[in-house]
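In each ligand, atom 1 is the first atom listed, and ligand 1 is the first ligand listed. Worth knowing before you read on, the calculation uses all heavy atoms, side chains too, and leaves out hydrogens, waters and symmetry mates.
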Amino acid sequence: MRKFNFSAGPCTLPLAVLEEAQAEFVDYHGAGMSLVEMSHRSSTYDAVHMEAMAKAKSVFGAPDDFSVVFLGGGATLQFAMIPMNLLSDGQRGAYVVTGEWASKALSDGSYHGDLYAAWDGGSEGYRRVPTAEEIVIEPNTRYLHVTSNETIGGIRFNEFPDVGVRLVGDMSSDYMTRAIPWDLFDLVYGGAQKNLGPAGVDITFIRNSVLEETNRELGAYLRYDIHASKNSMYNTPPVYAIYMVGKVLRWMESQGGLAVMESQASRKSGLVYDAIDASDGFYRSQVDRESRSHMNVVFHLPSEELDAGFLAEATRRNMSGLKGYRTVGGVRASLYNALPVEAVDALVELMADFRSANA
Ligand SMILES: *Cc1c(COP(=O)(O)O)cnc(C)c1O
């Protein structure tokens, strides 16, 4: 029996997609071999690849002046590639530090460019995102990096800050769950394994005018312009991950696309926040109301013993992946697009039952 999988990543994927991939695995559409065994230059793989690229642009609603690239190395490689490609001499990168992922983006990127924190929520315990007025942009700033959703702390930008410099966004954990205000961005990126497919591929959208100006003095793999000009086939791409992303995007489209994903995300997370708010303090979220994540709902019970009891009962009820991140503790419910609403209903029922039994 499949579990209600609340894992933060890699995460649950649509059953229909998994079954389709299973049926095609050994002999891909009569090719006499699996997709993972054939040349990435074959016409069969090429069709899969180009469809996934086209779907990424259309299902995300990316405008024509953006290119999409599929890259190995996850979102983590982007932490370094962004300053390598975007900064030239004398330019700086600004970072809004909203939690663990933003901190990593800043510290990793600092080996490759002159970066600084334009706001840091650490002293407040990363409970919220800043307003645009709180973000301090210094001279010669080329971009402002934001983490649209902090997967560990459970906070998100409800609105992206318009501060007069273009944004670069890590959207790993809320890709395809919200409309992107493309005008504000030069680049958005994210690993696939939170909403879009298995691990192994990052999807980066980059403005074409920016691509023309990226740094060329880098090893080939590190250059956005090379990947873009070769349709992400400069080297052997992560073929299976790309194939799966293509299928998941098609599934999302069949469900009604981005607008439907966005309203489901808001509805599913709303159910869990309502259960927290109605619990008379039994369930506590440290996140400010206006910064609540729609993807990762983080909360605590009155004691660590109760946290553990809650997680044990969740396991008995066929739910998995609810344990909070190791530095945060408590419970984290990740509600990615493929998580059915029945799973959220089951969680909310558990929250009510556990509270009556233990409050
Ligand atoms: C998971 C995650 C990452 C890291 O992704 P990898 O693909 O493991 O490199 C980066 N940023 C955010 C917001 C994430 O959720």
Side-chain angles (χ1 to χ4, degrees), residues 5-13 56 69-84 93 95-112 115 120-122 126 128-129 143-158 160 167-178 180 185 187-205 221-222 227 232 237-238 240-242 244-245 248 265 269 287 291-298 321 323-328 332-339:
N5 179 359
F6 293 88
S7 168
C11 73
T12 192
L13 291 175
V69 288
F70 289 158
L71 302 169
T76 298
L77 180 60
Q78 300 305 296
F79 296 163
M81 275 178 73
I82 288 159
M84 282 180 181
Y95 285 68
V96 179
V97 184
T98 41
E100 301 233 7
W101 287 116
S103 303
K104 278 201 179 129
L106 172 56
S107 61
D108 237 30
S110 291
Y111 291 104
H112 307 285
L115 313 184
D120 192 327
Y126 298 126
R128 64 178 185 101
V129 301
Y143 63 79
L144 176 67
H145 181 283
V146 293
T147 306
S148 64
N149 182 75
E150 284 282 358
T151 322
I152 293 171
I155 66 180
R156 80 157 197 157
F157 280 93
N158 266 306
F160 291 104
L167 304 179
V168 165
D170 177 357
M171 301 197 65
S172 295
S173 52
D174 63 359
Y175 248 178
M176 269 309 290
T177 74
R178 64 189 304 170
I180 298 173
F185 285 91
L187 185 151
V188 296
Y189 68 99
Q193 72 276 18
K194 311 280 166 59
N195 258 315
L196 290 166
V201 66
D202 153 89
I203 303 174
T204 291
F205 294 91
Y221 196 86
L222 302 170
H227 291 294
S232 305
Y240 201 75
I242 291 170
M244 289 293 282
V245 165
V248 172
S269 57
V287 173
S291 297
R292 285 176 163 180
S293 170
H294 290 188
M295 287 291 114
N296 313 98
V297 182
V298 177
K323 194 170 163 44
Y325 189 76
R326 60 195 144 76
T327 55
V328 178
R332 170 172 57 171
S334 296
L335 314 173
Y336 297 119
N337 289 357
L339 185 80

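Ser173 is linked by a side chain to side chain donor-acceptor pair (under 3.5 Å) to Asn149, Thr151, counting only residues two or more places apart in sequence or in another chain.
Under the 4.5 Å side-chain criterion, counting only non-hydrogen atoms from C-beta, Tyr189 is not in contact with Leu77. No side-chain heavy atom of Tyr336 sits under 4.5 Å from any side-chain heavy atom of Thr177.
Checking Ile152, Asp202, Asp170, Leu77 against atom 12 (C) of ligand 1, the nearest heavy atom belongs to Asp170.
Of all protein heavy atoms, the one lying nearest to atom 14 (C) of ligand 1 is Lys194 NZ, 2.9 Å. Looking only at heavy atoms of the protein, atom 9 (O) of ligand 1 is closest to Thr76 OG1, 2.5 Å. Taking atom 5 (O) of ligand 1 as the reference point, the nearest protein heavy-atom neighbour is Ala75 CB, 3.6 Å.
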### Message
Under the criterion side-chain contact (heavy atoms from CB on, under 4.5 Å), I'd like the reasoning laid out for Asp120 against Tyr126: C-alpha separation, chi angles, the key distance, then a yes or no.
### Response
CA-CA 8 Å; Asp120 192 327; Tyr126 298 126; 3.5 Å; yes
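Partner Leu71 forms a side-chain contact (heavy atoms from CB on, under 4.5 Å) with one of Ile203, Leu222, Val201, Asp202 and no other, that one being Asp202.
Residue contact check: Phe79 has heavy atoms under 4.0 Å from atoms 10 (C) of ligand 1. Short contacts between ligand 1 and Thr151, defined as distances under 4.0 Å to a heavy atom of the residue, involve ligand atoms 12 (C), 13 (C), 14 (C), 15 (O). Ligand-side atoms of ligand 1 in range of Gly74: 7 (O), 9 (O), range being under 4.0 angstrom from any heavy atom.
In this structure a side-chain-to-backbone donor-acceptor pair under 3.5 Å is present from Glu150 to Gly99.
Within the 4.0 Å heavy-atom shell around ligand 1 one finds Gln193. Using a 4.0 angstrom heavy-atom cutoff, Asn149 counts as in contact with ligand 1.
With a heavy-atom cut-off of 4.0 Å, Ser172 touches ligand 1 through its side chain alone. For Tyr175, no heavy-atom contact with ligand 1 is shorter than 4.0 Å.
Between Thr98 and Ile155, the closest heavy-atom pair is O-CD1, 3.4 Å.
Annotation: Tyr111, atom OH; neighbour count of heavy atoms from other residues, nucleotides and ligands within 6.0 Å does not exceed 12.
Considering backbone and side-chain atoms together, Thr147 places no N or O closer than 3.5 Å to any N or O of ligand 1.
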